[in-house]
Amino acid sequence: MVILFDVLNGLKYFLIYMFSVAALLFGVNRIVKLPKELFRKLFHFVAFSSVIVMIYAAQEWTAAAIIPIVVILMMYPGMLISSKNEKFTALMSERRPGELKSSLLQLFGTMSLIIILSWGIIGRKELAVAAILMWGFGDAAAALIGKRFGKHKVLRFKRVDHKKSWEGTAAMSFIAFIFGIASLLIVGNVPLEICIPAVMVAAPLAAITELVTKNGYDTVTVPVVSTLSIYVMYIVMGVA
């Protein structure tokens, strides 16, 4: 029963956060008419940053890991219906049929996995926040900077999507570095002399992982790599 109340409490704050910020975004979009790609990315920001709410609202890692699964069960039927609405899919800039449903499963499924790995197994919940934010904001930076300023495409490697650029990869590494340090400092109260070397290793690895991951699976691969690389650095520096 304790876990149930913990899950319900966390879910309550998650829903308040999601609906209030989503309503704000829709309201702003009606007035300003944001570019479709920017509107899409802002919704991504709302979704992946909700991991902070889950971490802070839940008392135990088990409840925090269950909340994303409950979110999937709640939202997936609505996504099935909405995916058949052309106006909705156009508004959300769906690039291929079923992308929204797939993104929902990958994102919140990954959140649950990372919470279990970071908080449940390793015992460091700040790693969950860092890993998700490093991926989310870093991926957005790679997409936005890469599309606008990406003049040098990554053409040498067969496994890499040739639409990706070195400029986008550099942008992801930098933004992942910033949000990685901020997460470790604020959530984990980790000393700066530990944060900097740990994230200096994790951020480039996250960017490289995003570069070589195809078909949108970087939602999974990048947070996992970020979590493990920071933890390895914790071990190396004797703070694990």
**Q** For the residue pair His44 and Phe48, establish whether any side-chain heavy-atom pair is separated by less than 4.5 Å.
**A** yes

**Q** Kindly work out whether a path of hydrophobic side-chain contacts (I/L/V/M/F/W/Y, heavy atoms less than 4.5 Å apart) joins Val201 to Val239.
**A** yes

**Q** Measuring only between side-chain heavy atoms, which start at C-beta, is Val71 closer than 4.5 Å to Leu15?
**A** no

**Q** Got a second to check how far Leu133's CG is from Trp135's CH2, nearest 0.5 Å?
**A** 10.5 Å

**Q** Can you find a heavy atom in the side chain of Val190 that is under 4.5 Å from one in the side chain of Leu185?
**A** no

**Q** Mind checking what makes side-chain contact (heavy atoms from CB on, under 4.5 Å) contact with Ala203, not counting sequence neighbours?
**A** Met134, Ser173, Ala176, Phe177, Val199

**Q** Write down the atom of Leu117, the atom of Thr227, and the distance for their closest heavy-atom approach.
**A** CD2-CG2, 3.8 Å

**Q** In chain order, what residues pass the side-chain hydrogen bond (donor to acceptor under 3.5 Å, both in side chains) check against Ser20, with sequence neighbours excluded?
**A** none

**Q** If hydrophobic clusters are built by linking Ile, Leu, Val, Met, Phe, Trp and Tyr wherever their side-chain heavy atoms come under 4.5 Å apart, do Phe19 and Val21 end up in the same one?
**A** yes

**Q** Who clusters with Val2? Use side-chain heavy atoms, under 4.5 angstrom, across I, L, V, M, F, W and Y, and order the result by chain and number.
**A** none

**Q** Decide if atom CZ of Phe45 counts as having more than 12 heavy atoms of other residues, nucleotides or ligands within a radius under 6.0 Å.
**A** yes

**Q** Distance-only criterion, 3.5 Å: show the donor-acceptor pairs between side-chain atoms of residues 125-132 and protein atoms not counting sequence neighbours.
**A**
unit_1	atom_1	unit_2	atom_2	d
Glu126	OE2	Arg124	NE	3.0
Glu126	OE2	Arg124	NH2	3.1
Glu126	OE2	Tyr234	OH	3.1

**Q** Please report the closest heavy-atom contact between Pro68 and Phe108, naming both atoms and the distance.
**A** CB-O, 3.2 Å

**Q** In this structure, would Leu228 and Met200 fall into the same cluster of hydrophobic residues linked by side-chain contacts under 4.5 Å?
**A** yes

**Q** Output every pair passing side-chain hydrogen bond (donor to acceptor under 3.5 Å, both in side chains) with a member in residues 45-59, not counting sequence neighbours, ordered by first then second residue.
**A** Tyr17-Ser49

**Q** Where is the tightest heavy-atom contact between Ile116 and Ala65, given as atom of each residue plus distance?
**A** CG1-CB, 3.6 Å

**Q** With sequence neighbours excluded, what pairs up with Val7 under the side-chain contact (heavy atoms from CB on, under 4.5 Å) test?
**A** Ile3, Ala63, Ile66, Ile67, Val70

**Q** Which heavy atom of Ala57 sits nearest a heavy atom of Asn9, and at what distance?
**A** O-ND2, 3.5 Å

**Q** Keeping to residues at least two apart or across chains, list the side-chain hydrogen bond (donor to acceptor under 3.5 Å, both in side chains) pairs with something in residues 178-200.
**A** none

**Q** Same cluster or not: Ile194 versus Ile196, using hydrophobic residues (I, L, V, M, F, W, Y) connected whenever any side-chain heavy atoms lie under 4.5 Å apart?
**A** yes

**Q** Could you list the cluster mates of Val236? Members are the ILVMFWY residues connected by side-chain heavy atoms closer than 4.5 Å, either directly or through other members.
**A** Val232

**Q** To the closest 0.5 Å, what do you measure between NZ (Lys33) and CD1 (Ile31)?
**A** 11.0 Å

**Q** Going by the ring-ring contact (aromatic ring centres under 6.0 Å, His included) test, which pairs reach into residues 180-226, not counting sequence neighbours?
**A** none

**Q** With Leu8, which residues qualify under side-chain contact (heavy atoms from CB on, under 4.5 Å), at least two apart?
**A** Leu4

**Q** Atom SG in Cys195, atom CE in Met233: separation rounded to 0.5 Å?
**A** 11.5 Å

**Q** Return the CD1 to CD1 distance between Ile55 and Ile115, rounded to the nearest 0.5 Å.
**A** 4.5 Å

**Q** Sort and list the pairs that fulfil ring-ring contact (aromatic ring centres under 6.0 Å, His included) and have at least one residue in residues 178-209, not counting sequence neighbours.
**A** Phe137-Phe179

**Q** What is the distance from atom CE of Met111 to atom CD1 of Ile69, rounded to the nearest 0.5 Å?
**A** 11.0 Å

**Q** Is there a donor-acceptor pair closer than 3.5 Å between any side-chain N or O of Ser229 and the backbone N or O of Ser226?
**A** yes

**Q** I need the minimum non-hydrogen distance between Ala206 and Met172, along with the two atoms involved.
**A** O-CE, 3.8 Å

**Q** So, does Asp6 use its side chain to make a donor-acceptor pair with the main chain of Glu60 at under 3.5 Å?
**A** yes

**Q** Applying the 4.5 Å side-chain criterion to the ILVMFWY set and letting contacts propagate, would Val220 and Ile208 be lumped into a single cluster?
**A** no

**Q** Going by atom types only, do Thr213 and Thr221 share a side-chain donor-acceptor pair under 3.5 Å?
**A** yes

**Q** I need the minimum non-hydrogen distance between Ala141 and Ile175, along with the two atoms involved.
**A** CB-CG1, 3.5 Å

**Q** Test of understanding: with side-chain hydrogen bond (donor to acceptor under 3.5 Å, both in side chains), list the residues that count as partners of Asp139, not counting sequence neighbours.
**A** none

